[in-house]
Amino acid sequence: MRIATWNVNSVTARLPHLLGWLERARPEVVCLQEIKCAEDAFPYEPLAALGYDATVHGAGRWNGVAILSTVGIDDVQRGLRDEPGFLEDGALLPAQEQRAMAATCAGVRVWSVYVPNGRAVGHPHYAYKLDWLAALRTTAAAELAAAPTPWAVLGDFNVAPTDADVWDIALFETSTHVTEPERRAVAALGEVGLSEVLPRPLKYDVAYTYWDYRQLHFPHNLGMRIDLVLGNNTFTGSVFDAYVDRDARKGKGTSDHAPVVVDLDR
DNA sequence: ATGTCAGACAACGTCTGA
């Protein structure tokens, strides 16, 4: 089975690229992030024509996640357990955003997640990001306590796990994505039984998954590895290959993220 | 140059978020 994750930065803007990539890579299961469309505006038909069922958690302009599958979709869950919302103004109640959903596809439990960006260290969105990652850990712990079925969380974590996962750590001194609290929050997922599937790069030394649209970052390979796959032992033990498909970042009209592809011997 | 995108709103430009 082939499972992939891809932050598409709008599923409607990316539809031609997405369809072309699905035809080439033929993953059985795909976790999408930043679909930026409501559930009823999702392009179900062209995806169904390629054999994909879809389950969607989206509301419109921002965020939004989905799971595509050619092998069935069961036990869909939208949102994390006790998922926090972003509290822009202390007077408002937190409104949960569309950043996480799960489905079971041919016996494999997958979560598609779009972790909050954080915006700036010390910004309320940064605290939200850390709270959100804590809720992800709680949710993972609760599900993993059940039967040891293959289980994985895939998506845009907006965290680079090590200094080597950004093109120049010296430029990130005051930035989000590389701070110790963010890294600890991701590493804490290891304490509930998850470990990273490390993809191989198709070119260069590091399997970056994101390159800013601006300033020729992609041609200069000024990237970050922030789209991650973490699985339980049952999942990671059946992985025989994983890579970042940087070719999907090439050319006009692409996402600023590349897909991460994982191959399982099941 | 925060130099590129995407979406929404009321526009044909400006804002927000990444």
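Letters A, B, ... mirror the listed sequences (proteins, then strands); counts begin at 1. Computed from a predicted model, the values in this text were never measured in an experiment. All values below were derived from every heavy atom in this structure, side-chain atoms included, with hydrogens, water molecules and symmetry-related copies excluded.
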Whole Å only: how far is the NE2 atom of A/His217 from the P atom of B/dC5? 13 Å
Aromatic centroids of A/Trp167 and A/His217 separated by under 6.0 Å: yes
Mind checking which stems touch DNA chain B? I mean at least 3 consecutive Watson-Crick or G-U pairs, both distances under 3.5 Å. B:4-9 with B:13-18
Can you tell me how far P in B/dG13 sits from the matching atom in B/dA1, rounded to whole Å? 25 Å
Nearest-angstrom distance from the residue atom CH2 of A/Trp211 to P of B/dC5: 16 Å
Quick one: do the A/Glu83 and A/Trp132 side chains pair a donor with an acceptor below 3.5 Å? yes
What's the CZ-C1' distance between A/Arg119 and B/dT16, to the nearest Å? 9 Å
With rounding to the closest Å, how many angstrom separate the P atoms on B/dA10 and B/dT16? 14 Å
Using the ring centroid of each side chain, check whether A/His177 and A/Phe172 are separated by less than 6.0 Å. no
By ring pair (Phe, Tyr, Trp, His ring centres under 6.0 Å), A/Tyr213 pairs with (sequence neighbours left out) none
Go through the structure and list residues passing ring pair (Phe, Tyr, Trp, His ring centres under 6.0 Å) with A/Phe42, not counting sequence neighbours. A/Tyr44
OP1, OP2 of B/dA6 versus side-chain N and O of A/Arg14: anything below 4.0 Å? yes
